[in-house]
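Please read all numbers here as calculations on a predicted model, not as lab measurements. What you see below is based on every heavy atom in this structure, not just the backbone, and it leaves out hydrogens, waters and symmetry mates.
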Amino acid sequence: TTERRQTMANFTLLDAAALGRILKDRLGVKLHIHDTCGDFFMTLDAPDDRALVFIKAYMAREGHTLTVDPGGTSFSVKA
């Protein structure tokens, strides 16, 4: 869909990989990236308040809307 193409154009798998490296280097947290046929989402192994605060601030700074599951371990980005 157009929305998915815009999401991918705005926040790419490469951006997600870069965010994963930053999380690992700064907080020691592993970010997993899951490809879902034209879109993707990201997960953490366990809830981590520091990582969640960092990810939310990072996405806000970059102008992205982050959707977080109630457990705080699964994330997706909307355009």
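Listed here is the closest heavy atom pair of G71 and P47: O-CG, 3.5 Å.
Considering only residues two or more places apart in sequence or on other chains, D45 meets the side chain to side chain donor-acceptor pair (under 3.5 Å) condition with H32. Scored by the side-chain contact (heavy atoms from CB on, under 4.5 Å) test, L66 finds I55, K56, M59, V68, F75, V77 as partners (sequence neighbours excluded). For T43, the side chain to side chain donor-acceptor pair (under 3.5 Å) test picks out H34, with sequence neighbours left out.
Atom CG of D49 is surrounded by 12 or fewer heavy atoms from other residues, nucleotides or ligands within 6.0 Å.
Hydrophobic clustering of Ile, Leu, Val, Met, Phe, Trp and Tyr side chains at less than 4.5 Å, counting indirect connections, unites I33 with F11. Residues F41 and L52 do not share a hydrophobic cluster, clusters being chains of Ile/Leu/Val/Met/Phe/Trp/Tyr side chains in contact below 4.5 Å.
Note that the CG atom of D15 and the CZ atom of F40 stand 7.0 Å from one another [nearest 0.5 Å].
Residue pairs meeting the side-chain hydrogen bond (donor to acceptor under 3.5 Å, both in side chains) criterion with at least one partner in residues 67-76, sequence neighbours excluded, are absent.
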Name every donor-acceptor pair, under 3.5 Å, that has one atom in a side chain of residues 19-31 and the other anywhere in the protein, sequence neighbours excluded.
none

